[in-house]
Amino acid sequence: MTDNPAPKRIAILISGRGSNMVALADAVQDETIPNAEVAIVISDKPAAVGLERARERGIETLVIERGGRTGAEHDREIIAALAARQIDLVCLAGYMRVLSSEFIDAYRGRILNIHPSLLPAFPGLDAQRQALEHGAKKSGCTVHFVDESLDGGPVVAQREVPIIEDDTVESLSARILAEEHKLYAEAVARVLTNS
């Protein structure tokens, strides 16, 4: 008889449509990410479309709004929710808030983010627009560990996407997003296998 280890428990933080959350949930379901479960999806926005998409998959959801509190106070409530559910890995998927140092310390080395550029190039907002305005010949996506720097934590994996001559922000974003969905699942599987 073999002892199967308990599945690694993943929390996904979203602010919007949750397409990367769906890709991760589907990868857990089809075991592209083996021996794992998405334990909860948390949003800071009650109207986030991704919440309904998570519920459709039978995943617990929770809305934790900032609501006049400091970022640290807001993050403390999220940390408590994660601790109560014994979360092993936190995945940011279009979560549009900067995490407090308290949050990062609580889950240091266990928070992943995906960013639509080949970091360290074009950190922050509007990475696709930054790439086009800079005249870059390629862009892509990066999965990285979150630390106190803006999109600057250690890189786990990257995937390149060529920029074509008539690209718009929308067309480039769509091609990068398709790669994000694959890359994020591969990176999460790698991190959990090595943890």
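Treat the numbers as computed from the prediction; the structure is a model and nothing was measured.
One finds a salt bridge joining Arg108 and Glu148 here, because a Lys/Arg side-chain nitrogen approaches an Asp/Glu carboxylate oxygen to under 4.0 Å. Glu56 and Arg53 are not joined by a salt bridge, as no carboxylate oxygen comes within less than 4.0 angstrom of a charged side-chain nitrogen.
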Kindly indicate, with the supporting measurements, whether the criterion side chain to side chain contact (heavy atoms under 4.5 Å, CB included) is fulfilled by Val146 and Phe103. CA-CA 10 Å; Val146 174; Phe103 192 135; over 6 Å; no
May I have the step-by-step check of side chain to side chain contact (heavy atoms under 4.5 Å, CB included) for Met96 and Leu125, ending in yes or no? CA-CA 9 Å; Met96 301 308 289; Leu125 296 175; 3.5 Å; yes
Quick one: do Val90 and Leu13 satisfy side chain to side chain contact (heavy atoms under 4.5 Å, CB included)? Show the steps, please. CA-CA 7 Å; Val90 178; Leu13 276 54; 3.9 Å; yes
Mind running side chain to side chain contact (heavy atoms under 4.5 Å, CB included) on Glu37 and Ile10 for me, showing each step along the way? CA-CA 6 Å; Glu37 64 180 308; Ile10 300 170; over 6 Å; no
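For Tyr184 (side chain) and Leu112 (main-chain N/O), a donor-acceptor pair under 3.5 Å exists by modelled atom type. Side chain of Ser43 to backbone of Ile14: a donor-acceptor contact under 3.5 angstrom is found. With hydrogens and angles ignored, the 3.5 Å screen pairs a side-chain donor or acceptor of Thr142 with a backbone N or O of Leu119. Put simply, the side chain of Asp88 gets close to the backbone of Arg9: a donor and an acceptor are under 3.5 Å apart. His144 places no side-chain N or O within donor-acceptor distance of the main-chain N or O of Gly152, the cut-off being under 3.5 Å. A donor-acceptor distance shorter than 3.5 angstrom exists from the side chain of His115 to the backbone of Phe122, with no hydrogens or angles considered.
Counting all heavy atoms, side chain and backbone alike, Pro162 lies closest to Asp167 at O-OD2, 4.1 Å. When all heavy atoms are compared, the tightest approach of Val22 to Arg57 is CG1-NH2, 3.2 Å. Arg190 and Val156 make their closest contact through NH1-O, 2.8 Å (heavy atoms, listed as atom of the first residue, atom of the second, distance). Asn20 approaches Ala93 most closely through the heavy-atom pair CB-CB, 3.9 Å. Listed here is the closest heavy atom pair of Gly140 and Ile176: O-CG2, 3.4 Å. The two atoms that bring Cys91 and Leu24 nearest to each other are CB-CD1, 3.9 Å, heavy atoms only.
Residues Leu99 and Leu92 are in side-chain contact: their nearest non-hydrogen atoms beyond the backbone lie under 4.5 Å apart. Proximity of Leu82 to Ile42: side-chain heavy atoms (C-beta onward) are separated by under 4.5 Å at one or more points. Here the side chains of Asp26 and His181 are not in contact, with every heavy-atom distance at 4.5 Å or above. Counting heavy atoms from C-beta on, the side chains of Glu160 and Leu118 come closer than 4.5 Å. Side-chain contact between Pro116 and Glu180 is present, with heavy atoms from C-beta onward closer than 4.5 Å. Counting heavy atoms from C-beta on, the side chains of Leu172 and Arg129 never come closer than 4.5 Å.
To the nearest 0.5 angstrom, Ile79 atom CD1 is 7.5 Å from Tyr107 atom OH. From Arg69, atom CZ reaches atom CG of Asp75 across 9.0 Å, with rounding to the nearest 0.5 Å. Taking CD of Glu77 as the start and CD1 of Ile64 as the end, the distance is 4.5 Å to the nearest 0.5 Å. With values rounded to the nearest 0.5 angstrom, His74 atom NE2 is found 10.0 Å from Ser100 atom OG. Atoms SG and NZ, from Cys141 and Lys182 in turn, are 9.5 Å apart once rounded to the nearest 0.5 Å. If you take CD1 on Ile163 and OG on Ser139, they are separated by 5.0 Å, rounding to the nearest 0.5 Å.
Residues passing the side-chain contact (heavy atoms from CB on, under 4.5 Å) test with Arg55, sequence neighbours excluded: Leu51, Glu52, Thr61. Here Thr168 pairs with Glu170, Ser171 under the side-chain contact (heavy atoms from CB on, under 4.5 Å) rule; sequence neighbours left out.
Leu177 and Met21 fall into different hydrophobic clusters, defined by Ile, Leu, Val, Met, Phe, Trp and Tyr side-chain heavy atoms under 4.5 Å apart, directly or through other members. Note: the hydrophobic cluster containing Leu62 does not contain Ile59 (ILVMFWY, side chain heavy atoms under 4.5 Å, direct or indirect links). Hydrophobic cluster membership differs between Phe145 and Ile78, with clusters built from Ile, Leu, Val, Met, Phe, Trp and Tyr side chains linked at under 4.5 angstrom. Val188 and Ile111 are members of different hydrophobic clusters when ILVMFWY side chains are connected at heavy-atom separations under 4.5 Å.
Atom CD of Glu73 has more than 12 heavy atoms from other residues, nucleotides or ligands within 6.0 Å. Other residues, nucleotides and ligands contribute over 12 non-hydrogen atoms within 6.0 Å of the CZ atom of Arg97.
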